[in-house]
Amino acid sequence: MLKIYCDDFDFSPLAAAFEGEAQSDCGLSAEIIFTDEEEIRRLNREMRQTDSVTDVLSFPSLDGIKGKKINKADFATDCDEDGNVFLGSIAICTKRAKEQAEEYGHSYERELHYLATHGLFHLLGYDHMTDEDKSEMREREERVLSKLNLTRD
């Protein structure tokens, strides 16, 4: 079970849609924050040495977990206050999300869910550096979004 902490939006349906996407013997959690262009640019510059505004950034807490079962005993010091293994944090630029929703012709809700889903898969170790990796990640993203009836329009 995945718990998503976000003060600004209810991502509990997304958390439920992630059922089966990660194997674990315990609960998992992640944090999502919404930010403005200035803050996401600062984070991108400081963490990735890329001085530009972006839509979403992920900050994984765990390494080497892609496709592996997450065992609580292996990450005992990485648990949140509820005892869930904390996967990491995601920052979403709301202005970019609104612009992209308009550009792609779908709802702001769909764009927020897509960016959160994308970020969550990064926290689980997935990436899109090669065509093969990108294809695998996109397939997983679309599977989760389809459970929410948020497919590409």
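For reference, positions follow the sequence shown, starting with 1.
- Note that CD1 of I40 is 12.0 Å distant from CE of M47, once rounded to the nearest 0.5 Å.
- Counting only heavy atoms from C-beta outward, the side chains of V56 and Y114 never approach each other to under 4.5 Å.
- Minimum heavy-atom separation, A30 to L120: CB-CD2, 3.7 Å.
- Atom CD of E19 has 12 or fewer neighbouring heavy atoms from other residues, nucleotides or ligands inside a 6.0 Å radius.
- Salt bridge status for E102 with K95: absent, with no side-chain N to carboxylate O gap under 4.0 Å.
- The local environment of CG in D51 is crowded, with over 12 non-hydrogen atoms from other residues, nucleotides or ligands closer than 6.0 Å.
- Of the inter-residue distances, the one linking S107 atom OG with L150 atom CG reads 6.0 Å to the nearest 0.5 angstrom.
- If you take OG1 on T35 and CG on L43, they are separated by 6.5 Å, rounding to the nearest 0.5 Å.
- Using a distance-only test at 3.5 Å, with no hydrogens or angles considered, no donor-acceptor pair links the side chain of N71 to the main chain of A73.
- In terms of heavy atoms, G88 sits closest to S61 at CA-OG, 3.3 Å.
- Exactly one of K66, R140, K134 qualifies for a side chain to side chain donor-acceptor pair (under 3.5 Å) with Y126. That residue is R140.
- Considering OG1 of T94 and CD of E111, their distance stands at 12.0 Å, rounded to 0.5 Å.
- In this structure, the separation between CG on L145 and NE2 on H113 is 8.0 Å, given to the nearest 0.5 Å.
- The aromatic rings of H128 and H118 lie tilted to each other, with the angle between the two planes from 30° to 60°.
- The 12-atom threshold is exceeded at CD of E103, counting heavy atoms of other residues, nucleotides or ligands nearer than 6.0 Å.
- Rounding to the nearest 0.5 Å places NZ of K69 at 10.0 Å from CG of D74.
- Ring geometry, F121 versus F18: the interplanar angle falls from 30° to 60°, so the pair is classed tilted.
- Of the possible donor and acceptor atoms, none in the side chain of Q23 sits under 3.5 Å from a partner among the backbone N and O of G20.
- Counting all heavy atoms, side chain and backbone alike, D55 lies closest to Q100 at OD2-NE2, 3.1 Å.
- The closest side-chain donor-acceptor pair between T54 and N44, if any, does not fall under 3.5 angstrom.
- Residues T130 and D133 come closest through the heavy atom pair OG1-N, 3.0 Å.
- Residues A22 and L28 approach most closely at CB-CD1, 4.0 Å, considering heavy atoms.
- With a 6.0 Å radius and a threshold of 12 heavy atoms from other residues, nucleotides or ligands, D82 has its CG atom above the threshold.
- For K147 (side chain) and A16 (main-chain N/O), no donor-acceptor pair under 3.5 Å exists by modelled atom type.
- Cluster annotation: L87 is not connected to I33 through the hydrophobic network of ILVMFWY side chains, with a link wherever side-chain heavy atoms come within less than 4.5 Å.
- Hydrophobic clustering keeps Y5 apart from V85 (ILVMFWY residues linked when any side-chain heavy atoms are closer than 4.5 Å, directly or through intermediates).
- Hydrophobic clustering (side-chain heavy atoms under 4.5 Å, transitive across Ile, Leu, Val, Met, Phe, Trp, Tyr) groups L62 together with I32.
- If you chain together hydrophobic residues whose side chains sit under 4.5 Å apart, L14 and M1 never meet in one group.
- Just one of I4, I92, L112 meets the side chain to side chain contact (heavy atoms under 4.5 Å, CB included) condition when paired with F9; it is L112.
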### Task
I would like to know whether E136 and R143 meet salt bridge (Lys or Arg N to Asp or Glu O under 4.0 Å); could you show each step before the answer?
CA-CA 11 Å; E136 177 185 25; R143 182 172 55 229; over 6 Å; no
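- Within a 6.0 Å radius of CD in E139, other residues, nucleotides and ligands contribute 12 heavy atoms or fewer.
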request  = Under the side-chain contact (heavy atoms from CB on, under 4.5 Å) rule, what do L124 and I65 come out as? Steps first, then yes or no, please.
outcome  = CA-CA 6 Å; L124 290 170; I65 62 169; 4.3 Å; yes
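- Under the 4.5 Å side-chain contact rule for hydrophobic residues, Y108 and L148 share a cluster.
- R48 CZ: 12 or fewer foreign heavy atoms inside a 6.0 Å radius.
- Between A15 and L2, the shortest heavy-atom distance links the atoms CB-O, 3.2 Å.
- In this structure, H122 has its ring center no closer than 6.0 Å to that of F59.
- Under a 4.0 Å N-O distance rule, the pair E38/R41 does not qualify as a salt bridge.
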